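In what follows, a single structure is set out as C-alpha cells and then discussed.
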There are 2 protein chains.
Amino acid sequence: MKQITVYDIAREAKVSVATVSRVLNNTAPVKTSTRNKVAELIQKYQFQPNALARSLLKKETGMIGIVLPDITNPFFPEVLSGLEQEARKQGYTFFLCDTCSSNSDTREQYRRESHYLHLLLEKQVDGIIILGGRIDLVNPTEEMVQELLEVSKRVPVVQVNGRLSGSSMHRVVVNETAGAEQATQHLIHLGHKDIVMIGGFDHMSNTVARVKGFKKAMKENGLSIGADKVIYGGFSVDDGRRLMDELLCRKKRPSAVFCINDLTAIGAMKAAFKAGLRIPEDLSIVGFDDIPFASHSIPELTSVSLKCNELGRTAAEMMHRLIRKEKVKKQITIEPDIRVRDTTGPFRG
Amino acid sequence: MKQITVYDIAREAKVSVATVSRVLNNTAPVKTSTRNKVAELIQKYQFQPNALARSLLKKETGMIGIVLPDITNPFFPEVLSGLEQEARKQGYTFFLCDTCSSNSDTREQYRRESHYLHLLLEKQVDGIIILGGRIDLVNPTEEMVQELLEVSKRVPVVQVNGRLSGSSMHRVVVNETAGAEQATQHLIHLGHKDIVMIGGFDHMSNTVARVKGFKKAMKENGLSIGADKVIYGGFSVDDGRRLMDELLCRKKRPSAVFCINDLTAIGAMKAAFKAGLRIPEDLSIVGFDDIPFASHSIPELTSVSLKCNELGRTAAEMMHRLIRKEKVKKQITIEPDIRVRDTTGPFRG
DNA sequence: TTGAAAGCGCTAACAA
DNA sequence: TTGTTAGCGCTTTCAA
C-alpha cells in the first residue's frame with residue numbers, strides 16, 4: 001500500500017514534479033495536453049498530495065485548534081456548529097480538544113488545557129480558539145496567563161466569551177451583564193420584587209458579569225439586593241436542583257428565580273415541581289444561554305439567548321482575518337436577547 | 001517570530017542535530033552533560049519540535065478524523081466524549097468534521113462527507129471514525145460504498161453504529177433491535193396493547209432495526225402490527241410533535257407511544273400536553289438514546305440507553321488497535337438497557 | 001557517544 | 001511552457 005507521490009505521477013507522465021505540482025495547484029500555465037495527461041494519472045491513481053509536506057513548506061496548515069471544557073454541555077456544540085459553518089467556507093479544519101471538565105478535578109483540567117495548547121502548537125495549527133476553562137477565571141494564576149500569552153505570540157488566539165488579560169489576544173464576547181439585566185428587568189416588569197439569583201461560581205467571570213447585571217437591574221428599580229439574593233453553587237442540573245431545594249427551605253420563598261444558565265434552571269424547575277409548586281403560577285423561572293433544551297422543556301423555558309451560533313461564526317471570522325493578518329478589532333461584543341416563553345408569569349400576591 | 005528548529009538548538013549547544021533529536025526522543029544514549037546542555041536550551045527557547053516534519057518522516061500523525069452529521073444532536077457529543085477520554089490516553093488528537101445535516105439538504109450533506117473524507121486522507125490521519133450519514137442508509141448508492149471502501153484501503157476506518165457494507169471496515173454497534181424490543185416489552189408488561197411507534201425514516205438502518213425490534217415484541221405477544229402501527233417522519237422535536245398531532249387526530253388513539261429517539265419523544269410529549277393529555281396517566285411514552293435531556297425532562301423520560309460513552313470509548317479502543325495493527329474483532333456489539341422513568345405507567349382501560 | 005548526510009513529499013525560485 | 005534544484009524540520013542509518 002505504498003503512498004503515491006508527485007514523483008510517481010511525474011515519471012509516468014514523463015514530466016517533472018514541478019509540472020505535476022503546477023496542475024495540482026493551478027499555480028502556473030501548463031500546456032493543455034500535458035495538463036490532461038497529468039490530470040488523468042492523478043485520477044487513475046486517486047492521487048492526493050500529502051498535506052504534511054505541503055504545510056511544512058508553506059508554513060500554513062489550514063488547521064485551527066479548539067480548546068473547550070466539556071463538549072457534553074450543550075452550549076459548546078451550538079458554538080461549534082457556528083464555528084464550523086463559517087470556517088468550512090474558508091477551508092479550515094478543526095482539532096477538537098475537550099478538557100473534560102465534567103469528569104475530573106479542576107487542577108487536572110487546567111493541566112489538560114496546557115497539554116493541548118502545546119500539542120496544538122506542535123501540530124502547527126494556524127490559530128487557536130479557546131472557550132471556557134481558564135479564560136473564565138476571575139483570578140487565574142500568573143502561569144495560566146503567561147502560558148496563554150506565550151501561545152498567542154506564536155499563533156493567533158481568539159477567546160470566546162472569556163476575558164483573560166493579555167494584550168495580544170482577541171476575543172468575541174457576549175454582553176452578559178446586559179443579558180442578566182434584561183432577564184431581571186423582565187421579571188420586575190411582571191411585578192416580581194423578591195427575586196433570587198442562583199448558580200454559578202463567584203470566582204468565574206461569567207458569573208460575576210451576570211450577577212452584576214442582576215444587581216444593577218434590581219438597584220435601578222429600588223429593590224433590595226441583600227446577601228441572600230444570590231446563591232452560588234455551580235452550573236449543572238443537579239446544582240440547580242440543590243440550590244432550589246435550599247431556597248425552598250427558607251421561611252419566605254421568592255416569587256421568581258433567575259438561574260445562571262438553562263441547566264440550573266431545569267434543575268430548579270424539577271425541585272419546584274417536586275415541592276408541589278406550579279410554574280409560572282407559583283414561581284417564575286428564567287434561564288440563561290438558550291440552549292435548544294430551553295425551548296424543548298415543558299413548560300418552555302424563558303431564557304436569555306447568547307446567540308451561540310453567531311458567537312461561533314464571529315469567532316471563526318475573526319480567526320480567519322487574524323490568520324490573513326487583516327485588520328481586526330480587539331474585541332467584538334454580541335448583544336444577547338431575552339426569549340420569553342412559558343416559565344415566567346405575572347406576580348400573584 | 002522565526003520558528004526555532006533543531007538546528008538552532010544544535011548550533012548553540014555545539015552538537016549535531018542528531019544529538020538534539022536524541023535527547024528529544026530519548027532514542028539513544030547521550031552523555032549526561034550534553035543532554036543537560038541541550039535540555040537547557042530547549043527549555044530556554046521553549047522549543048517545540050515541528051510535528052509536521054516528524055510525521056512526514058515517520059508516517060504517523062497521531063491524528064484521528066471524526067466524521068459526524070450534526071454536533072448539535074446531543075447523541076454525538078456523548079459519544080465524542082467517550083472517544084476523547086479513551087483516545088487521549090493513547091495520545092491522539094481529533095479532527096472534528098461536522099457535515100451539518102441540520103441545515104442543508106441531504107445531497108449536500110453527503111457531498112460534504114466525501115469532501116471531509118478526502119481532506120482527512122490528505123492530512124494523513126492515522127484513522128477515521130465515522131458516525132451517521134451514509135453509514136445509516138439502508139440503500140446507499142454504489143459510489144458512497146465504493147468511496148468509503150477506497151478510504152478504508154488507505155487508513156483504518158471504524159463505523160460507529162452503522163452498517164455500510166464493505167469487508168475491510170470495522171464497526172462498533174448497539175443492538176438497536178434488542179433495545180426496541182425491550183422498550184416495547186416494557187410497555188406490554190404495563191398492560192398496553194395499542195402501541196404505536198413514531199419517527200425515523202424507513203430508508204435508514206437504525207429505524208429499520210428499531211422497527212424490527214418493535215414488531216418482534218408485538219408479534220411475540222400476539223398483538224396487532226398493522227400498517228398504522230408505525231408512522232415514519234424524522235428525528236427532531238418538531239417531527240415528534242407533528243407525528244403525535246397526526247396520531248391524536250385518529251378516532252382511537254393508542255395508549256402508548258414508542259418514539260424513534262428522545263428528541264421525537266419530547267416533541268410527542270409537547271403535543272400530548274397541548275392536547276390536554278396527562279403523561280403517563282393518559283399516555284405512556286418511551287424514547288430512545290437516553291441523551292442527558294431524557295433524565296432532565298419533566299416528567300423524566302423513560303428511554304433506552306445506547307451507552308453512548310461506552311460506544312465512544314470502544315470505538316477509540318478499536319481504532320487504536322487497528323492503527324497498531326493488533327488483532328481486532330470485525331464487529332463489537334453493545335447491548336442497550338432500558339431506563340424506566342416517569343413517562344410510562346400502567347394501562348388504564 | 002557523536003556527527004554527516006540522506007530523505008520524508010512537496011513547492012517555488014530560477015533557468016532554460 | 002517546462003525542468004532542475006534547493007529547501008521546509010525532522011529522524012535515522014552509517015560511520016567514526
Side-chain angles (χ1 to χ4, degrees), chain A residues 1-39 41-42 45-63 118-119 121-126 154-155, chain B residues 1-39 41-42 45-63 118-119 121-126 154-155:
Chain A
M1 190 59 59
K2 189 188 158 295
Q3 159 100 336
I4 301 275
T5 75
V6 280
Y7 285 93
D8 301 313
I9 303 290
R11 189 179 332 108
E12 188 158 342
K14 294 189 176 34
V15 296
S16 74
V17 291
T19 302
V20 175
S21 171
R22 287 194 264 260
V23 347
L24 233 29
N25 303 291
N26 243 294
T27 181
V30 176
K31 202 183 359 164
T32 317
S33 64
T34 3
R35 149 165 282 122
N36 287 151
K37 196 165 47 177
V38 173
L41 259 3
I42 288 176
Y45 291 111
Q46 298 265 46
F47 169 66
Q48 296 192 275
N50 183 325
L52 295 177
R54 172 184 289 156
S55 298
L56 184 57
L57 199 56
K58 308 243 296 189
K59 274 137 178 31
E60 57 172 58
T61 55
M63 308 187 305
H118 290 292
L119 200 63
L121 244 30
E122 282 191 12
K123 303 263 187 212
Q124 313 294 119
V125 294
D126 290 340
R154 308 193 140 279
V155 302
Chain B
M1 190 58 60
K2 188 189 159 296
Q3 159 101 335
I4 301 275
T5 75
V6 280
Y7 284 93
D8 302 313
I9 303 291
R11 189 179 331 108
E12 189 158 343
K14 293 189 178 31
V15 297
S16 74
V17 290
T19 302
V20 176
S21 171
R22 283 178 195 121
V23 346
L24 232 31
N25 303 290
N26 243 294
T27 180
V30 176
K31 202 182 1 162
T32 317
S33 64
T34 356
R35 148 165 283 121
N36 287 150
K37 197 165 46 177
V38 172
L41 260 2
I42 288 175
Y45 290 111
Q46 298 264 47
F47 169 64
Q48 296 191 275
N50 183 324
L52 295 177
R54 172 182 289 157
S55 298
L56 183 57
L57 201 55
K58 310 241 296 188
K59 273 134 179 34
E60 58 173 56
T61 54
M63 308 187 304
H118 291 292
L119 200 63
L121 245 28
E122 283 191 12
K123 302 264 188 213
Q124 312 296 119
V125 293
D126 290 340
R154 309 193 140 279
V155 303

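Because the structure is predicted, anything quoted here is derived from the model rather than measured. Reminder, nothing fancy here: chain letters follow the sequence lines and each chain counts from 1. Heavy-atom basis, side chains included; hydrogens, waters and symmetry copies ignored.
On the nucleic acid side, DNA chain D has its first and last nucleotide under 4.0 Å of a heavy atom of chain B at D:dG9 to D:dT13, going 5' to 3'.
Against DNA chain D, the stretch residues 28-35 of chain A makes heavy-atom approaches under 4.0 Å through A:Pro29, A:Val30, A:Lys31, A:Thr34.
Applying the side-chain contact (heavy atoms from CB on, under 4.5 Å) criterion to B:Arg35, with sequence neighbours excluded, gives B:Val23, B:Asn26, B:Val30. Listed by chain and number, the residues in a side-chain contact (heavy atoms from CB on, under 4.5 Å) with A:Gln124 are A:Thr61, B:Gln3, B:Asn50, B:Leu52 (sequence neighbours excluded). By the side-chain hydrogen bond (donor to acceptor under 3.5 Å, both in side chains) test, A:Thr34 is found to be paired with no residue, residues two or more places apart in sequence or in another chain being considered. Under the rule for a side-chain contact (heavy atoms from CB on, under 4.5 Å), the partners of A:Ser21 that lie at least two apart in sequence or sit in another chain are A:Asn25. Under the salt bridge (Lys or Arg N to Asp or Glu O under 4.0 Å) criterion, B:Glu12 pairs with B:Lys44, sequence neighbours left out. For B:Asp8, the side-chain hydrogen bond (donor to acceptor under 3.5 Å, both in side chains) criterion is met by B:Lys2, B:Thr5, B:Arg11, not counting sequence neighbours.
Taking both residues in full, the closest heavy atoms of B:Leu24 and B:Phe47 are given as CD2-CE2, 3.6 Å, listed atom of the first, atom of the second, then distance.
Taking CG of B:Asp126 as the reference point, atom OG of B:Ser55 lies at 8.0 Å (rounded to 0.5 Å). The CD atom of B:Gln48 sits 5.0 Å away from the CG atom of A:Leu121 when rounded to the nearest 0.5 Å.
Residue pairs satisfying the salt bridge (Lys or Arg N to Asp or Glu O under 4.0 Å) criterion with at least one member in residues 46-63 of chain A, sequence neighbours excluded, are absent.
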When you look at A:Ile9 and A:Tyr45, which way does the side chain to side chain contact (heavy atoms under 4.5 Å, CB included) test go after all the steps?
CA-CA 9 Å; A:Ile9 303 290; A:Tyr45 291 111; 4.1 Å; yes
Does the pair B:Val20 and B:Tyr7 meet the rule for a side chain to side chain contact (heavy atoms under 4.5 Å, CB included), with working shown?
CA-CA 8 Å; B:Val20 176; B:Tyr7 284 93; over 6 Å; no
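Listed pair B:Thr19 / C:dT1 fails the phosphate criterion, with no side-chain N or O lying under 4.0 Å from OP1 or OP2.
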When you check every protein heavy atom under 4.0 Å of nucleotides 8-16 of chain C, what one-letter string (B, S, -) results, 5' to 3'?
BBBBB----
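The end-to-end axis angle of the helix from C:dT1-D:dA16 to C:dA16-D:dT1, rounded to 10 degrees and based on five pairs per end, is 40°.
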